[in-house]
Amino acid sequence: MARCPAALPTDHTPCVGPVAVTVLDADNAGADGCELHATRLLAALDHGHVFALPHASAGAAHRVFKAAAPQDVRLHRLADALVTPPATPS
């Protein structure tokens, strides 16, 4: 089953809902995604931004922004998310 472009390689969960937002990193590289994967990607980025796509339901970008609580891992660019191995538990 195909997943949205915002799904990180280490995140094997299926998409929840349609692709609704675009997440941009500090260099304006972007990935469209469902709200679930966009939230996780935005939470992992340092200085990320989220924008609703034209067909998204009202408040989609706001929901993603609010749900993207700070995490331990902060990335500066989208490319870093694609090549960074998952953190090992301490």
Side-chain angles (χ1 to χ4, degrees):
M1 175 181 203
R3 296 181 311 137
C4 66
L8 296 171
T10 56
D11 183 356
H12 301 291
T13 60
C15 288
V16 175
V19 170
V21 297
T22 299
V23 177
L24 298 176
D25 68 9
D27 295 329
N28 284 332
D32 293 344
C34 68
E35 290 187 33
L36 172 69
H37 291 124
T39 296
R40 292 176 178 175
L41 177 58
L42 183 63
L45 291 172
D46 191 19
H47 304 294
H49 301 281
V50 62
F51 298 93
L53 294 172
H55 63 275
S57 62
H62 182 74
R63 286 189 298 275
V64 168
F65 178 79
K66 294 286 280 185
Q71 294 181 350
D72 294 338
V73 178
R74 302 303 283 175
L75 305 169
H76 294 286
R77 300 176 323 165
L78 183 60
D80 295 336
L82 301 178
V83 297
T84 303
T88 55
S90 307

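This chain uses plain numbering: 1 for the first residue, then up along the sequence.
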* Which heavy atom in Ala61 sits nearest to a heavy atom in Ala52, and how many Å separate them? -> CB-N, 3.6 Å
* Counterpart residues, side chain to side chain donor-acceptor pair (under 3.5 Å), relative to Thr13 (two or more places apart) -> Asp11, His37, Arg40
* To do: Mind listing the closest non-hydrogen atom pair of Cys4 and Cys34 along with its distance?
  => SG-N, 3.4 Å
* Heavy atoms only: give me the nearest Ala43-Ala68 pair and the separation to one decimal. => N-CB, 3.8 Å
* Rounded distance [0.5 Å steps], CG in Leu41 versus CG in Leu36 -> 11.5 Å
* Structure fact -> Here the gap from Leu42 atom CG to Glu35 atom CD, rounded to the nearest 0.5 Å, amounts to 12.0 Å
* Asked: Is the backbone N or O of Val19 less than 3.5 Å from a side-chain atom of His55, with the two atoms forming a donor-acceptor pair by type?
  -> yes
* Asked: Knowing that exactly one of Val21, Val23, Leu24, Val64 qualifies, which makes a side-chain contact (heavy atoms from CB on, under 4.5 Å) with Phe51?
  -> Leu24
* Test item: Arg3 side-chain N/O and Gly33 main-chain N/O as donor-acceptor pair under 3.5 Å -> no
